[in-house]
Amino acid sequence: MTLVVEGCAIATMDDACTEFAEGHIVIEGDRITAVGPRATPAESPGTRIDGRGCLATPGLVNCHHHLYQWITRGLAQQSSLFEWLVELYPIWSRIDVELEHAAAKAALAALTLSGCSTSTDHHYVFPGGAGDLLHVEIEAAREIGLRFHACRGSMDLGRSRGGLPPDEVVEDLDSILAATEAAIDRYNDASPDAMLRIAVAPCSPFSVSADLMRESAALARRRGVRLHTHLAETPEEEAFCRERFGCTPAEYVDELGWLADDVWLAHCVNLAPAAVARFAATATGVAHCPSSNARLGAGIAPVADLLASGVAVGLGVDGAASNESGQLLTEVRQALLFARLRGGPAALTARQALAMGTIEGARCLGRQAELGSLEAGKLADLALWRVDGLGHADVTDPVAALVLGPPAPLELLLVGGRPLVRAGALQTGSEPEIAREARRAHRRLMERVEAVP
Ligand SMILES: [Zn+2]
């Protein structure tokens, strides 16, 4: 089946930053076969999509999330990261497969409606008896139709051993490694057009032992999958690492073999210049989560320095308990604004911000050869944004309109050529029903928490 999108402006986000004021994109099956200026000849075959008034970009890539947090939004509103975690861990310890599915479905629907075509999830809370939480979020991603990288998270450093989380939400090292390897066996698809991959993802320096970090890296490298964790998110984390390990978070993970080209790290707000250089030298990726960092008052990551050093910096919404919006397009705008608050008006361009949401994110996930730009041969993951309405029509540059303007209406979102969104409406689920299920799951979770004496 051939699809032709034409009449739209196109920001391909390829290496040469090719753009067309008016162009066409031809899609056959799940691949792009041509991208170019003007319309295709009238006699060419295929279903035509009228892109006039729109800007086509690659589908956005979300590099960090915790889907289950969708049903714990709006809590701990004035807290720092550690205060927020301490308040939320006991609530999260009461999730189960039913609640996880409802939360994941809602979070993924929100992402999809914001132009995201590939998402990761970092799930690290596995309470005993909760059921197969990883499986239900993978099911939710299949139902919504997103390309999905499930990061099998973990925590093994409970409070009794000097960690932050209560002991009832941590697992032991052997069970974690066995469950993670089982997830790779069951789900990981290494093929270039994969809809589902697994990454190995212990949670953070203050919730995970050094042994688990080392063993996780060994497992991931033995199985050829990627590594993900949180790093250098707050000053409190830096103080924790200095006290416990006598070094910064970046130095700590470097010693454990965690600065490498198969690793991408969430946040990285507190990085000294030496750490930025080390990230560049090792080709370690970063998932920048500006809204979450602002919500928790954590600080602003040195994104311009990282990009200038050649580090792949993608974007993440982070869990919805610290970013109630959960939308990815808004993170593109936040990334630009925050970089400029830190480094002045020339710190980040609109195109660099859009690159972070697309090709840079694909680099973080090791998928830049097949995702993240609109080029012949790449997967047909494409967002078509309407830029001819009140919010955008008179902005002189469509990329600036998309990045600096209000969230643009999403005319079409394709994942592997399959439409997940048309004219702003989710095609793979009922938005009101998903919202109803999420509300019900939120209430049930809160009732469980209140029932605890
Ligand atoms: Zn996170």
Side-chain angles (χ1 to χ4, degrees), residues 11-15 17 57-67 107-108 110-112 114-122 141 146-151 192 194-197 199 201 226-230 261-268 279 283-293 301 303-304 306-307 310-318 323 326-336 338-339 348-375 378-383 385 399 402-403 413-416:
T12 67
M13 309 314 291
D14 66 6
D15 286 346
C17 304
T57 69
L60 304 180
V61 178
N62 180 36
C63 296
H64 188 63
H65 207 331
H66 312 288
L67 299 175
L108 290 166
L111 270 179
T112 306
S114 71
C116 174
S117 55
T118 297
S119 185
T120 60
D121 184 53
H122 184 189
L146 277 185
R147 214 175 285 287
F148 193 53
H149 287 218
C151 308
M195 289 297 291
L196 178 61
R197 285 203 184 155
R226 293 179 88 77
L227 285 161
H228 181 53
T229 190
H230 294 97
D261 63 0
D262 55 358
V263 180
W264 86 104
L265 302 167
H267 303 303
C268 302
F279 274 54
T284 306
V286 170
H288 177 46
C289 306
S291 289
S292 170
N293 296 155
V303 166
L306 287 162
L307 288 172
V311 174
V313 186
L315 295 176
V317 296
D318 203 1
N323 175 5
Q327 300 191 357
L328 193 49
L329 178 62
T330 51
E331 298 306 310
V332 176
R333 184 168 189 268
Q334 304 286 52
L336 179 140
F338 285 23
L348 200 73
T349 68
R351 281 155 179 84
Q352 282 178 302
L354 185 57
M356 290 170 71
T358 54
I359 188 67
E360 292 282 325
R363 284 176 69 200
C364 283
L365 305 187
R367 301 202 67 177
Q368 66 274 24
E370 63 250 29
L371 300 177
S373 62
L374 300 176
E375 295 179 73
K378 282 204 163 182
L379 289 163
D381 293 4
L382 175 155
W385 310 93
V399 173
L402 181 70
V403 174
L413 179 76
L414 300 178
V415 175

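- With sequence neighbours excluded, the residues forming a side-chain hydrogen bond (donor to acceptor under 3.5 Å, both in side chains) with His267 are Glu233, Asn293, Asp318, listed by chain and number.
- Residues passing the side-chain hydrogen bond (donor to acceptor under 3.5 Å, both in side chains) test with Arg351, sequence neighbours excluded: Glu19, Asp397.
- When atom types are taken as modelled, the side chain of Arg147 and the backbone of Ala194 share a donor-acceptor pair closer than 3.5 angstrom.
- Nearest approach of Gln327 to Ala110, heavy atoms of both residues: CG-O, 4.5 Å.
- With hydrogens and angles disregarded, a donor-acceptor distance shorter than 3.5 Å links the side chain of Arg226 to the backbone of Asp261.
- In the model, His64 has a side-chain atom that pairs as donor or acceptor with a side-chain atom of His228 under 3.5 Å.
- Remark: Asp14 pairs with Thr12, Thr18 by the side-chain hydrogen bond (donor to acceptor under 3.5 Å, both in side chains) rule, at least two apart or across chains.
- Checking side-chain atoms of Ser373 against main-chain N and O of Ile359 turns up no donor-acceptor pair under 3.5 Å.
- Remark: Leu328 CG to Ser119 OG distance equals 8.0 Å, nearest 0.5 Å.
- Side chain of Trp264 to backbone of Cys63: a donor-acceptor contact under 3.5 angstrom is found.
- Contact between Leu371 and Ala362 at its shortest, heavy atoms only, is O-CB, 3.7 Å.
- No side-chain heavy atom of Thr358 sits under 4.5 Å from any side-chain heavy atom of Val61.
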Arg333 vs Thr330, side chain to side chain contact (heavy atoms under 4.5 Å, CB included): CA-CA, chis, key distance, verdict: CA-CA 5 Å; Arg333 184 168 189 268; Thr330 51; 5.6 Å; no
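- Side-chain atoms of Leu329 and Leu402, non-hydrogen and from C-beta on, do get closer than 4.5 Å to each other.
- For the pair Phe148 and Met195, the minimum side-chain heavy-atom distance is 4.5 Å or more.
- Judged by distance alone, the side chain of Lys378 and the main-chain N or O of Pro58 form no donor-acceptor pair under 3.5 Å.
- Centroid-to-centroid, the aromatic rings of His122 and His230 come within less than 6.0 Å.
- With sequence neighbours excluded, the residues that form a side chain to side chain contact (heavy atoms under 4.5 Å, CB included) with Ser117 are Asp381, Leu413, Val415.
- Note that CG of Leu60 is 8.5 Å distant from CG of Leu315, once rounded to the nearest 0.5 Å.
- Partners of Glu370 under the side-chain hydrogen bond (donor to acceptor under 3.5 Å, both in side chains) rule, at least two apart in sequence or in another chain, are Arg367.
- Residues meeting the side chain to side chain contact (heavy atoms under 4.5 Å, CB included) test with Gln334, sequence neighbours left out: Pro290, Ser291, Glu331, Leu337, Phe338.
- Scanning both residues, Leu67 and Ala107, for their nearest heavy atoms gives CD2-CB, 3.6 Å.
- Of all non-hydrogen atoms in Gly314 and Cys364, the two that sit nearest each other are N-SG, 3.5 Å.
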Evaluation steps, side chain to side chain contact (heavy atoms under 4.5 Å, CB included), between Thr118 and Asn62: CA-CA 6 Å; Thr118 297; Asn62 180 36; over 6 Å; no
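- Checking Trp385 against Thr57 by side-chain atom types alone, a donor-acceptor pair falls below 3.5 Å.
- With hydrogens and angles ignored, the 3.5 Å screen pairs a side-chain donor or acceptor of Ser114 with a backbone N or O of Leu111.
- Shown here for Ala301 and His288, the closest heavy-atom pair between the two residues is CB-ND1, 3.7 Å.
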Evaluation steps, side chain to side chain contact (heavy atoms under 4.5 Å, CB included), between Leu146 and Thr112: CA-CA 7 Å; Leu146 277 185; Thr112 306; 3.5 Å; yes
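- When every heavy atom of Leu348 is checked against every heavy atom of Val303, the shortest pair comes out as CD1-CG1, 4.3 Å.
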